[in-house]
Engineer: 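This structure is in structure tokens; I'll ask about it shortly.
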Amino acid sequence: MIIGLLNQKGGVGKTTLSINLAASLAHMGARVLLLDVDPQGSALDWAAAREGKPLFSVMGLPRASVHKEIGQIGKDYDHIIIDGPPRVTDLARSAIMASDLILIPVQPSPYDIWAADEVVKLIEEARIYKEKLKFAFVVNRKIANTAIGRDVKEALSSYSVPIFTSSITQRVIFAETAAQGKSVHEIDPQSSAALEIEAVKDELMGFIK
Ligand code: ADP
Ligand code: MG
């Protein structure tokens with residue numbers, strides 16, 4: 001299965017969710033490849049910061065030919081996660097065409113909800129050629145104990161895009177683990193952060209069945 005984390009807005013959590021979902025799939029025993037399509041190469045930086053055994057393979061491929069190359073590159077993996085690029089439309093289009101399922105991380109802010117318009121349009125274009133392409137929003141950086149999470153779901157419902165029931169809270173552990181090249185699961189599999197990632201992973205697996 002090829003899962004693209006896409007949103008042309010930067011800082012929404014594409015890389016954070018890519019890494020932690022890849023780790024979560026790898027912990028299940030799946031062979032996982034993380035394809036870094038962002039020219040900034042943040043997932044590659046994450047892998048370089050890591051000490052010890054890799055959790056999964058990470059490869060940089062910031063090219064608009066991802067959709068053509070992925071069959072060959074991904075043939076030895078059970079799951080491929082594509083960490084999508086900000087802005088660059090050609091790369092985003094190629095990443096969308098390469099994916100079976102697209103997860104669009106959005107933060108609970110009106111700006112993020114408006115900005116999602118751009119990626120939703122690209123996906124709708126791609127669906128003309130790729131009818132089976134699935135896609136959904138996932139809320140990231142929800143602030144605990146606020147109603148914003150609920151409000152954001154309401155605001156997002158103006159798009160006709162499914163919204164994951166599970167979401168990810170704003171937690172320092174995501175930034176801390178990023179700096180060490182680790183996943184939140186490795187620090188503590190029972191932590192709230194790890195359990196939230198697990199829930200998104202489970203919803204993802206259910207979604208593609
Ligand atoms: P993108 O790849 O979409 O640009 P990133 O995953 O790099 O976004 O996230 C942007 C910044 O926000 C990073 O510093 C990351 O550590 C932080 N971040 C992302 N998600 C969370 C979260 N749920 N809680 C805390 N920090 C987060
Ligand atoms: Mg990124």
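The figures here come from the full heavy-atom set of this structure, side chains too, leaving out hydrogens, waters and symmetry mates. One-based numbering, in listed order, for ligands and for the atoms of each.
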Engineer: Measure the shortest side-chain to side-chain distance between Leu17 and Val12 over non-hydrogen atoms and say whether it is less than 4.5 angstrom.
Structural biologist: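 They are not in contact (no side-chain heavy atoms under 4.5 Å apart), so the answer is no.
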Engineer: Just checking Lys201: does its NZ atom have more than 12 heavy atoms from other residues, nucleotides or ligands closer to it than 6.0 angstrom?
Structural biologist: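 Enclosed: over 12 neighbouring heavy atoms sit under 6.0 Å from NZ of Lys201.
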Engineer: Please identify which atoms of ligand 1 are closer than 4.0 Å to at least one heavy atom of Val12.
Structural biologist: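 That gives atoms 1 (P), 3 (O), 8 (O) of ligand 1.
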Engineer: Taking everything shown except Arg87 itself, do over 12 heavy atoms lie less than 6.0 Å from its CZ?
Structural biologist: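 Check fails, neighbour count at 12 or below.
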Engineer: Are there protein heavy-atom neighbours of atom 4 (O) of ligand 1 below 4.0 Å?
Structural biologist: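 Given the 4.0 Å limit, the answer for atom 4 (O) of ligand 1 is yes, a protein heavy atom qualifies.
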Engineer: Checking contacts here: is it the side chain or the backbone of Ile168 that comes within 4.0 Å of ligand 1, counting heavy atoms only? Could be both or neither.
Structural biologist: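 For Ile168, the contact with ligand 1 is made by the side chain alone.
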Engineer: In terms of atom number and element, which parts of ligand 1 are under 4.0 angstrom from non-hydrogen atoms of Gly10?
Structural biologist: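 By the 4.0 Å cutoff, the relevant atoms are 4 (O).
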Engineer: Looking just at side-chain N and O atoms, do Glu203 and Thr165 make a donor-acceptor pair shorter than 3.5 Å?
Structural biologist: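 Distance-only check passes for Glu203 and Thr165.
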Engineer: Less than 6.0 Å separating the ring centroids of Tyr159 and Phe137?
Structural biologist: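 Between Phe137 and Tyr159, which both carry aromatic rings, the centre distance is below 6.0 Å.
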Engineer: Going by heavy atoms, is Ser42 under 4.0 Å from ligand 1?
Structural biologist: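 Checking ligand 1 against Ser42, which is what was asked, there is no heavy-atom contact under 4.0 Å.
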Engineer: At what distance is the nearest protein heavy atom to atom 8 (O) of ligand 1, and which residue and atom is it?
Structural biologist: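 Result for atom 8 (O) of ligand 1: Gly13 N, 3.0 Å.
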Engineer: Which protein heavy atom lies closest to atom 26 (N) of ligand 1, and at what distance to 0.1 Å?
Structural biologist: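 Heavy-atom neighbour on the protein nearest atom 26 (N) of ligand 1: Arg141 NH2, 3.5 Å.
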Engineer: Look at atom 19 (C) of ligand 1 and say whether a protein heavy atom is found at less than 4.0 angstrom from it.
Structural biologist: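 Yes; the ligand atom in question has protein heavy-atom contact below 4.0 Å.
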Engineer: Counting only heavy atoms not in Glu69 (residues, nucleotides, ligands), do more than 12 fall under 6.0 Å from its CD?
Structural biologist: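 More than 12 within 6.0 Å, yes.
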Engineer: Among all protein heavy atoms, pick out the one at the shortest distance from atom 24 (N) of ligand 1; state its residue, atom name and that distance to 0.1 Å.
Structural biologist: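 Ranked first by proximity to atom 24 (N) of ligand 1 is Arg171 N, 2.9 Å.
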Engineer: Test of understanding: given a 4.0 Å heavy-atom threshold, classify the contact between Ala178 and ligand 1 as side chain, backbone, both, or neither.
Structural biologist: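 It is neither part, as no heavy atom is under 4.0 Å.
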Engineer: Is there at least one pair of N or O atoms, one from Val172 and one from ligand 1, spaced under 3.5 Å apart?
Structural biologist: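 No: no nitrogen or oxygen of Val172 is under 3.5 Å from one in ligand 1.
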Engineer: Ser94 side chain to Leu91 main-chain N or O, any donor-acceptor pair under 3.5 Å?
Structural biologist: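 Checking the backbone N and O of Leu91 against the side chain of Ser94, no donor-acceptor pair under 3.5 Å is found.
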Engineer: With no hydrogens and no angle check, is any side-chain donor or acceptor of Arg50 less than 3.5 Å from a backbone partner on Gln180?
Structural biologist: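 Side chain of Arg50 to backbone of Gln180: no pair is present.
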Engineer: Is Thr15 close enough that one of its N/O/S atoms sits under 2.8 Å from the Mg ion (ligand 2)?
Structural biologist: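 Under 2.8 Å: Thr15 contacts the Mg ion (ligand 2) through an N, O or S atom.
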Engineer: How far is atom 7 (O) of ligand 1 from its nearest protein heavy atom, and which residue and atom name does that atom have?
Structural biologist: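 Heavy-atom neighbour on the protein nearest atom 7 (O) of ligand 1: Thr15 CB, 4.0 Å.
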Engineer: Considering only protein heavy atoms, which is closest to atom 9 (O) of ligand 1, and at what distance to one decimal place?
Structural biologist: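 For this ligand atom, the closest protein heavy atom is Thr16 OG1, 3.7 Å.
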Engineer: Quick one: does any side-chain atom of Gln107 pair with a main-chain N or O of Gly11 as donor and acceptor, under 3.5 Å?
Structural biologist: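 It does hold such a pair.
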Engineer: What pair of heavy atoms forms the shortest contact from Ile73 to Met59, and how long is it?
Structural biologist: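 The pair with the smallest heavy-atom distance is CG2-SD, 3.7 Å.
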Engineer: Contact between Thr169 and ligand 1, counting heavy atoms under 4.0 Å?
Structural biologist: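 Contact check Thr169 vs ligand 1: positive.
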Engineer: Note the single closest protein heavy atom to atom 16 (O) of ligand 1, along with its residue, its atom name and the distance in Å.
Structural biologist: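 Here the closest protein heavy atom is Ala175 CA, 3.6 Å.
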